[in-house]
Amino acid sequence: MDTKQIQALLTYLGYDPGEVDGIPGKNTRQAVLSFQAAEGLDQDGSPGPITQAALLDAVASGRFRGEDAQTPDGSTGTFWDHIRYWSREEFKCRCGEYHAPYCNGFPVEPDQTLVELADDVRAHFGRPGIRSSGIRCKQHNADQKNSAVNSRHLYGKALDFRIEGKTSGEVLAYIQTRPGVHYAYAIDDSYVHMDVD
């Protein structure tokens, strides 16, 4: 995970790293130390592999930081508070649905730009969005026919989905008008792929 993803996870869990800016400053280090202490990890302030795995597990398990993790209205202080039509769970890796899971569902976090774009598409059409593939762990990605080795699904930056009652052509035409799209195409008559930088 990069620093920005780590900051986003810390923020979601209620540990304040300051601005989610990708800069590993003093506030981020303090948030990591607080998280490590709460999780019973070695406290070095460095978000290494063990700390990253614990962050993902804490998010998956809903282990928020004490009473101040969420505001009284239930908000998290992250971009998810503004997402109306999608949940984090809908972006998780689906490896466990096909065989024994290779991962905990979130080897990375869904990219904010992607989630906001998906929410915009859903709002535009006013119909449910149904995903077929969001995040993929490396092994699940390798299992997919014709999947690129460096697929943006591996980084939480791609979503394959359909809008109920709409053709892929209709959905694709709208997606191609939106800022932030890196690449989009019709998978079949219903499903589209879109990804972001």
Side-chain angles (χ1 to χ4, degrees), residues 1-17 20 22 24 28-29 31-66 69-70 74-81 83 85-119 129-145 147-161 193-196:
M1 285 190 284
D2 62 26
T3 300
K4 203 168 185 179
Q5 290 173 313
I6 290 165
Q7 290 170 328
L9 290 179
L10 288 165
T11 300
Y12 178 77
L13 291 169
Y15 299 86
D16 182 13
V20 179
T28 299
R29 179 177 170 76
V32 171
L33 281 167
S34 297
F35 173 77
Q36 289 171 330
E39 292 287 310
L41 304 173
D42 289 340
Q43 297 169 47
D44 60 5
S46 176
I50 292 173
T51 298
Q52 290 183 28
L55 276 168
L56 292 170
D57 185 63
V59 170
S61 304
R63 291 196 309 275
F64 296 100
R65 180 185 188 181
Q70 294 185 334
S75 63
T76 64
T78 70
F79 74 87
W80 285 104
D81 292 337
I83 301 302
Y85 302 112
W86 296 86
S87 68
R88 179 176 174 270
E89 191 73 9
E90 290 176 287
F91 287 81
K92 75 184 291 186
C93 179
R94 298 183 69 185
C95 62
E97 297 177 34
Y98 299 98
H99 38 68
Y102 300 129
C103 71
N104 70 356
F106 291 97
V108 297
E109 284 298 302
D111 181 87
Q112 179 175 347
T113 301
L114 178 72
V115 176
E116 290 173 345
L117 178 60
D119 210 45
I130 298 145
R131 72 98 159 94
S132 63
S133 185
I135 294 168
R136 293 179 191 161
C137 62
K138 288 182 181 179
Q139 186 59 55
H140 186 53
N141 188 65
D143 289 347
Q144 304 307 301
K145 185 178 178 182
S147 183
V149 182
N150 62 344
S151 168
R152 279 184 163 77
H153 287 282
L154 294 166
Y155 309 104
K157 293 177 176 286
L159 180 66
D160 299 342
F161 71 108
H193 166 94
M194 69 179 185
D195 61 52
V196 298

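Counting begins at 1 with the first residue of the sequence.
Taking the side chain as every heavy atom from C-beta outward, D111 and Y155 never approach each other to under 4.5 Å. Annotation: side chain of K4 is not in contact with side chain of E109 (no heavy-atom distance under 4.5 Å). Side-chain contact between W86 and R131 is present, with at least one heavy-atom pair separated by less than 4.5 Å. Proximity of F79 to V20: side-chain heavy atoms (C-beta onward) are nowhere separated by under 4.5 Å. Side-chain contact between R88 and V59 is present, with at least one heavy-atom pair separated by less than 4.5 Å. A 4.5 Å side-chain heavy-atom check between L114 and M194 finds at least one atom pair inside the cut-off. The closest side-chain heavy-atom distance from V32 to Y15 is not below 4.5 Å. In this structure, P110 and W80 have side chains that are in contact, with non-hydrogen atoms separated by less than 4.5 Å.
Of the inter-residue distances, the one linking L56 atom CG with Q5 atom CD reads 9.0 Å to the nearest 0.5 angstrom. Atom-to-atom distance recorded for S151:OG and D195:CG is 7.5 Å, nearest 0.5 angstrom. One finds the CG atom of L117 at 8.5 Å from the OG1 atom of T113 (value rounded to the nearest 0.5 Å). Summarising the geometry, atom CG belonging to L33 is positioned 11.0 Å from atom OG1 belonging to T28; distances are rounded to the nearest 0.5 Å. To the nearest 0.5 angstrom, C93 atom SG is 13.0 Å from K138 atom NZ. In this structure, T11 OG1 and D16 CG are separated by 6.5 Å, a value rounded to the nearest 0.5 Å.
Ring orientation note: the planes of Y98 and H140 are close to parallel, at an angle under 30° on the 30°/60° scale.
One N or O on the side chain of Q7 and one on the backbone of G22 form a donor-acceptor pair closer than 3.5 Å. A distance-only check finds a donor-acceptor pair linking the side chain of Q36 to the backbone of S46 [under 3.5 Å]. Between the side chain of N141 and the main chain of A148, a donor-acceptor pair closer than 3.5 Å is present. Side-chain atoms of Q52 come within 3.5 Å of backbone atoms of P47 as a donor-acceptor pair (strictly under, hydrogens ignored). No donor-acceptor distance shorter than 3.5 angstrom exists from the side chain of R94 to the backbone of S133, with no hydrogens or angles considered.
A salt bridge links R136 to D160: one of the charged nitrogens lies within less than 4.0 Å of a carboxylate oxygen.
When all heavy atoms of L154 and V149 are compared, the pair lying nearest together is CD1-O, 3.2 Å. For the pair I135 and G156, the tightest heavy-atom approach, listed with the atom from each and the gap, is CG1-CA, 4.0 Å. Closest approach of Y85 and D119 over heavy atoms only: N-OD1, 2.7 Å.
Few gaps surround CD1 on I130; more than 12 heavy atoms of other groups in view lie less than 6.0 Å from it.
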inquiry  = Using the rule given for side-chain contact (heavy atoms from CB on, under 4.5 Å), can you reason through F91 versus H153, listing the C-alpha separation, both sets of side-chain angles and the distance that settles it, and then say yes or no?
reply    = CA-CA 10 Å; F91 287 81; H153 287 282; over 6 Å; no
